[in-house]
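Have a look at the structure below, then the notes.
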Amino acid sequence: MISQALRDARRYEEIYEKEILPEQRPLFHLTPRCGWMNDPNGFSFYNGTYHLFYQYYPYASEWRSMHWGHAVSKDFLHWEYLPAALAPDQLYDYLGCFSGSAIQTEDGKHAIMYTSVRMAPEIQDEEGGIQAQCIAIGDGVDYEKYSGNPVLTEADLPEGGNRYHFRDPKIWRASDGTYICAAANCTADQTGAILLFRSSDLMHWKYWKVLVANKGRFGAMWECPDFFELDGKYALLVSPQDMQPSGFEYHNGNGTLCLIGSYDESSGTFTEEKDQAIDYGIDFYAPQTILSEDGRRIMIGWMQNWDACAIRNKSELWAGQMTVPRELSIRDGRLYQQPIRELSSLYRDTTVCKDVQVVTGDTVVLEGVRGRCIDMTIHVRPADPERVFHKFSVRFAQKDNLRTAVSFRPHEKTVKVDRKYSGSCRAIVHQRRCLVEGSGNGVITLRLILDRFSAEVFINDGRYVMSAVLFTDLAADGISFFADGEAVIDVESHRLS
Ligand code: FRU
């Protein structure tokens, strides 16, 4: 039975999506059908297609009571909207249907596990609501909330667990067929832990153990866990709140963390070996992954940061977008990301320029290299290895005083994304730097993906990635290259359409 709240949302989005012209959205990055989007949810393969749900408020471009929006794709680039999947329409979730995941059941159904939020008379306002985990079963379009919801509540938490911060279940099947759920919880020390629960039927769950406890190392509460095997290792992705900076690795506020280690499935023991940020740019949070039909581990994140949401005016018809889906691998103990290979199906005009000299005082513009939807790779090297240049920059989304830049300073071994001049008039973070190991010799590869309202920079084959949104007027489509010193570049640029 479809509730009135869900019917209303579906009717509303069908009408209001028409107000948004295709060119007012990115070309291939998913945006909400209308209104607000945050985290990706339920990224899964079902009925021959990839499903991506998202935290959604259709009625305004700001975060309010959460619904689940829904889109499907065969190639991770062309998305088709389906009707909203969940609305907050039950007593136990009327404050919102928060993030979660999805899986195909043994009997061929599509199961969603999400966080329900409810108010209770004894709650003080500032505590938010009581969070629990719920199941909804569907056919890929319509989902019915399980009559026994919620299936995991505060009663299932270990001692010291916090019922106001118990969310974002990620479910998978262990090799013996058991369903495992990893959910985030705030522990007695006021920082995060990822808890594991087990079930044989998705409806009845038992607490198992702590997968990883933050113990105050990386921010406070952790959100949105994902956990998977990759290249002989295991990776835990989480999004910590309230982080303190640490060198160039972690920045203040909401961040992202990848823990790489080994995992013993039978005892549920994860042994941490390495930690790193997932994305070093400004806008990236709450990523989820999927195993594609051909065995690739693909990640998609919310290309926005909670503290920088003010960059988008609330009067706009949509707010929030996803990153380009990224293929993951682990090499030398690090998480690498590459834009999904299907992107080459959007290549239209290709420009290749080799051995271009970029020297102090010159502005280099290359014939055919411009636009706001491009995939451009720049190999940079010094003209003379004995005299490494001080700085190399590529500017884009450029016209008159408008521009966004990616700059490389070999003497600092840093790459900086700077959107100060992107047209934003808000006092939020507009720059961020990333330390690139081994780049002191002035050799670097920058792959820049622009899709109208965003820039994603993949450095040295995806060893580091920096993402940022920009809402510069689309008429600003110039691209130019600068150096302080003498650099030489090879450029390969593809226009995307
Ligand atoms: C992360 C998050 C999740 C929560 C959702 C609510 O961005 O705070 O922890 O489920 O957003 O929209």
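Every number for a ligand or one of its atoms is a count from 1 in the order of the listing. Numbers here are sequence positions counted from 1. Given the structure is predicted, the values throughout are model-derived calculations rather than measurements.
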Partners meeting side chain to side chain donor-acceptor pair (under 3.5 Å) with Gln4 (sequence neighbours left out): Arg7, Asp8

With the criterion set at N/O pairs under 3.5 Å, what does the list of contacts between the protein and ligand 1 look like, atom names and distances included?
| from | atom 1 | to | atom 2 | distance (Å) |
| --- | --- | --- | --- | --- |
| ligand 1 | 7 (O) | Asp39 | OD1 | 2.7 |
| ligand 1 | 7 (O) | Asp39 | OD2 | 3.3 |
| ligand 1 | 7 (O) | Trp306 | NE1 | 3.0 |
| ligand 1 | 8 (O) | Glu223 | OE1 | 3.4 |
| ligand 1 | 8 (O) | Glu223 | OE2 | 2.9 |
| ligand 1 | 9 (O) | Arg167 | NE | 2.9 |
| ligand 1 | 9 (O) | Asp168 | OD1 | 3.4 |
| ligand 1 | 9 (O) | Asp168 | OD2 | 2.7 |
| ligand 1 | 9 (O) | Glu223 | OE2 | 2.9 |
| ligand 1 | 10 (O) | Ser99 | N | 3.1 |
| ligand 1 | 10 (O) | Asp168 | OD1 | 2.6 |
| ligand 1 | 11 (O) | Asn38 | ND2 | 3.3 |
| ligand 1 | 11 (O) | Asp39 | OD2 | 3.1 |
| ligand 1 | 12 (O) | Asn38 | ND2 | 3.1 |
| ligand 1 | 12 (O) | Gln55 | OE1 | 2.7 |
| ligand 1 | 12 (O) | Trp63 | NE1 | 3.0 |

With sequence neighbours excluded, residues passing ring pair (Phe, Tyr, Trp, His ring centres under 6.0 Å) with Phe284: none

Residues in side chain to side chain donor-acceptor pair (under 3.5 Å) contact with Tyr114, at least two apart in sequence or another chain: Asp93

Over all atoms of both residues, closest heavy-atom pair of Ile459 and Cys434: CD1-SG, 4.4 Å

Neighbour count >12 (heavy atoms, 6.0 Å) for atom CG, Leu21: yes

Cation-aromatic face contact Arg334/Tyr464, 6.0 Å, 45 degrees: yes

